[in-house]
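Chain A is the first sequence line, chain B the second, and so forth, proteins listed ahead of strands; every chain is numbered from 1.
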Amino acid sequence: MNYFPEEVLEHVFDFLTSHRDRNAVSLVCKSWYMVEKFSRDSVFIGNCYAISPERLIERFPRFRSLTLKGKPHFADFNLVPNDWGGFVYPWIEAMAISGVNLEELKLKRMVVSDESLDLLSRSFVNFKSLILVSCEGFTTDGLAAIASNCRFLRELDLQENEVEDHKGQWLSCFPDSCTSLVSLNFACLKGEVNLASLERLVARCCNLKSLSLNHGVPLDALQKILVQAPQLVDLGIGSYVHDPDSETYHKLKCAIQKCTSIRSLSGFLDVAPPCLPAVYQICLNVTSLNLSYAPGIHGTELIKLIQHCRKLQRLWILDCIGDKGLGVVASTCKELQELRVFPSYVFGVGRAAVTEEGLVAISAGCPKLHSLLYFCHQMTNAALIAVAKNCPNFYRFRLCILDPTKPDPVTMEPLDEGFGAIVQSSKSLRRLSLSGLLTDRVFLYIGMYAEQLEMLSIAFAGDSDKGMLYVLNGCKKLKKLEIRDSPFGNGALLTDVGKYEAMRSLWMSSCEVTLEGCKTLAKKMPRLNVEIINEKQQLEASPPDDRQKVEKMYLYRTLVGPRRDAPDFVWTL
Amino acid sequence: MEGGVVYESGLNLKATELRLGLPGTDESEKQTTFNIRNNKRPSPDTVEDCGSSGSSDDKHGGHETAPAAKAQVVGWPPIRSYRKNSFQAKKIEVETGIYVKVSMDGAPYLRKIDLKVYKGYPELLKALENMFKLTIGEYSEREGYKGSEYAPTYEDKDGDWMLVGDVPWDMFMSSCKRLRIMRGSEARGLGCSI
C-alpha cells in the first residue's frame, strides 16, 4: 500500500465537507481515522443527549463549528413541558474548559441562559457566528454580553426565539471597534433598540449583507439605514408605516433604488399598504419573500406586490392570500421551489383561506416546486394526485388540514390514495407530514414507496399496529418518527426493536402504548433512552400499573446512558 | 346580525369593550371574530380550530348562527409557539386599544381617550366636543376648522404638531401620539392654510 503523508491525507479530506463522507472515511483504517479526527472542522449533533460534550471533544479535538439540537420537534407545539431539558450551558462550559477554538455555534430548540451567553462570549477569542433558532431562556442581557465581548463577531442571527426584553440597550454594546458584522437578525425581539446606535453600527460594518429589524425600528430609521447599507442582500423590514406623501417616504424610495443587491425580503411586521410601492423595485429581483408575519398586507395590495416578484424561488405567506392569490403566484412565480402557507385566522384578518384548489394551481404553474408546507381547510385525493403528477421532485411535503381527521370532502374517502400518489411520484422525498382522514393503507404506500424518507410526522391517523409496522419495515432510511393520537400500541412498538438504534428518535403521544411495553423495550435496548413524560402524575410511582397507557414517550439512541438533568416528571426507564 | 351584543348607549359600554378587529371594520368582520372569541383567554396551550370548518360542504365558512363546537386540541394546528405567541400579541394589541392623552389649553388636567373606539374623524371630534364641552365644527382641507375657536391637533411620530383630519384615519391612528386642543389666536393661525 502506498504511503500517503498525513498532510496529503488532510488536504484531501479538506474537500470532504459532508458529515456522511467524513464518517465513512474514518472507518477505512486507523491512520485515516486519526487524520480525519484532527481535521474535522464542523460537527452536527442532531440530539444533544445522544452524546456528551466531553466525548465530543475527545473525538474531534479541533472542531470549530458546532450545531446542536435539543428538544424533540413536537416541543414546537407545546407537547413538551417546560424544563424538559436541552440546556446548552454544560456544552459551553466543557468547550471552554478544554480550550476548544469555537468559532460558530448553531442551536435549535435549546434552553440558552444568559449565563451561557456570557460564558460563550468570554471563552472563545475567535468566536464569529451565533445562530439561535426556536430557543428560549435568555434575555437581552445575554445579547449584550455577546455584543460587548465577541470582538470578531460576524453573525448574530436570532430566529423565532422567545427573548425577554430587559430594556438594556444591548445593541449599543457593540463597541465602536466592531466593524466585522456580516449578518444581524433581531426581528424576533419585542423591545426597542437604540436607533442611533443601530445606524452607526450599520454605517461602520461595510460588509453587512443580511439585516433583519424588529418592529421597534420605524420607517424613517429604515431609510437612514438603507442609505448606509446599499450592499444588503437580505433585508427584514420592521415597521413600515408612514405617510406616502411625506419627504421621509420619498427619501426611502430613493434609498431603496440604490439597493440593487437585495435578493431576500421579509418582515413588514407593521405595515401601511400605501407605502408598499417603494419596494416594488426590489421585488423584481427578489428570490426569497417571507410575508408570514405581515397580516397587514392582504387583498389587492398583496397581489400587486407578488406580481412584481417574477424571480421568486421561496415564498412564505399567510393563507389570507386565498386560492385566487395562489393562482396569481402560480402564473407569476415560475421559478418557485419552496412554498409555505401559514394559517392567518388567529390574526382576525379576512375570511379567505386556502383549499386544494390553490395547491393544484401552484403545482400546475410551478413545476420546480420541491418543498411545501401547506395549512388548508380541506384537501382531496384528486388534487393530491394532480400535484404528484405536476411536481415529482418533492423532498419535503408537509400538509396540515386544520380539521385533522377531515376526509376528502368530495368523495368522503380517506386521503390514503392522495398521499400514496405523492410518495410514489416523489422518489427523493425525505420529509413527510400527514393529516386528514387516513387509514393503515397510507402507511402501506409509505412503506412501499418512500425509500428516501428520513422524517415522518403522523397525527390522528391509522387503524392498527399494522400501519406503524409498514413504516418501520419499509422505510430503510427513517431517522425521526413522531406520532400523536394514533392507535399504535405495544405490538408495533416492540416488533423490531433493533430499528430504533438506526434512527435518531421516536416520539409517541396519546397512542396505545403502555408502561409495560415501554419497560420491555428499555430492557431489551440498553443503548436507547426511553423517556416517559409523566406530567399529570397519572402514573403513580408506587407501584404504577404497567397496563396503563403512556401519555408521552420519547426514545432516542445514545452513547452516554440516561441523562442526569431530567426533571422529576421525566422517567428514564 | 349574528353575534350581536346589545350596547346600552347610556353607559357607553361599547367605548370600554375589549374586542377584536379594528374600529371602522364592518359587521361581517365582527362575525369572523365572534368565532374566535369563544376562546376567552388566549392561551398558548390550546388553539381553537377554525369554527367554520365544521361541515365538510362549508368551504368558506359562510353564514353561521353559532360557531361549530370544535374541541380544542392541544398542539393543533401545528404552529410553532413563537408564531402563535406573536399572533396572541397582535390580538392583544388589537384588543387593548390605543390610549392617547388629550390636553386642552387652559384646562387644569388632561384626559385620555381610546382611538380604537372611534370609526373615523367625525366620531372622534364629537367625542372631544362632548368631553370638553366645546364646539370644534367641521373640517375642511382648505380652511381647517374655520369658525371655531378651537383646533384639534396631534403630535405625530416625528414630534411635529399636525392638524387633525388631513391624513387617512388609519394612518392618523398609527401615528398619533397625543392630542392637544388649541384655542384662541394660536388655533386660528393653525386653521389658516398655507
Side-chain angles (χ1 to χ4, degrees), chain A residues 73-79 134 136 159-162 188 190 218-220 239 241-246 248 269-270 272 274 292-293 295 342-353 355 375 377-378 398 400-404 406-410 412 433 435 457 459-460 484-485 509-510, chain B residues 20-22 25 28-29 31-33 35-37 39 42-62 68 70 73-91 93-95 156-158 162 166-168 170-172 174-175:
Chain A
H73 175 234
F74 274 178
D76 277 352
F77 318 131
N78 291 318
L79 290 180
S134 283
E136 43 153 6
Q159 298 175 29
E160 301 194 331
N161 304 289
E162 299 282 1
C188 65
K190 299 183 201 105
L219 192 141
D220 53 319
S239 173
V241 177
H242 219 278
D243 176 359
D245 292 326
S246 66
T248 304
L269 309 174
D270 287 308
S292 65
Y293 285 100
F342 294 94
S344 65
Y345 66 85
V346 286
F347 282 122
V349 172
R351 294 285 289 166
T355 68
F375 285 82
H377 278 242
Q378 62 180 49
R398 300 164 66 189
C400 176
I401 302 171
L402 291 171
D403 176 354
K406 191 164 182 166
D408 179 328
V410 173
M412 296 314 283
S433 302
S435 66
S457 308
F460 304 95
R484 63 167 291 181
D485 294 274
S509 61
S510 304
Chain B
L20 298 171
L22 297 170
T25 57
S28 62
E29 290 241 5
Q31 172 61 29
T32 312
T33 58
N35 290 335
I36 305 172
R37 219 199 305 193
N39 216 1
S43 150
D45 283 332
T46 56
V47 175
E48 180 176 315
D49 216 320
C50 185
S52 65
S53 60
S55 107
S56 54
D57 300 315
D58 201 8
K59 225 181 176 200
H60 298 292
K70 265 292 169 207
V73 181
V74 175
W76 196 269
I79 308 174
R80 243 184 212 174
S81 307
Y82 171 81
R83 188 176 285 278
K84 247 200 298 171
N85 291 342
S86 76
F87 293 3
Q88 306 292 1
K90 276 241 151 24
K91 247 168 83 170
E93 213 176 272
V94 165
E95 281 174 355
D156 74 357
K157 277 188 174 162
D158 295 329
M162 319 287 297
D166 287 332
V167 302
D170 282 341
M171 187 173 303
F172 163 73
S174 56
S175 52

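Using a 4.5 Å heavy-atom cutoff, the side chains of B:M171 and A:P244 are in contact.
Note that the OG atom of A:S246 and the NZ atom of B:K157 stand 12.0 Å from one another [nearest 0.5 Å].
For chain A, the option among B:P168, B:S81, B:P78 with the highest count of heavy-atom pairs below 4.5 Å is B:P78. When A:D245, A:N161, A:V410 are compared by the number of non-hydrogen pairs under 4.5 Å with chain B, A:N161 comes out ahead. Contact count versus chain B (heavy atoms, under 4.5 Å) is highest, among A:A272, A:S433, A:S134, A:P218, for A:S134. Of the listed residues A:D220, A:D76, A:D485, the one with more heavy-atom pairs under 4.5 angstrom with chain B than any other is A:D76. Contact count against chain B (heavy-atom pairs under 4.5 Å) is highest for A:E162 among A:R398, A:E136, A:E162.
Checked against side-chain hydrogen bond (donor to acceptor under 3.5 Å, both in side chains), A:T248 has no partners two or more places apart in sequence or in another chain. Residues satisfying the side-chain hydrogen bond (donor to acceptor under 3.5 Å, both in side chains) test with B:S175, not counting sequence neighbours, are none.
In this structure, chain B has a heavy atom under 4.5 Å from the side chain of A:F342, while its backbone stays farther away. Proximity to chain B is absent for every atom of A:S510, based on heavy atoms less than 4.5 angstrom apart. Only the side chain of A:A459 comes within contact range of chain B, with heavy atoms under 4.5 Å apart.
Classification of the A:H73-A:F77 ring pair by plane angle, with boundaries at 30° and 60°, yields perpendicular.
Between the side chain of B:R83 and the backbone N or O of A:S292, at least one donor-acceptor pair lies under 3.5 Å.
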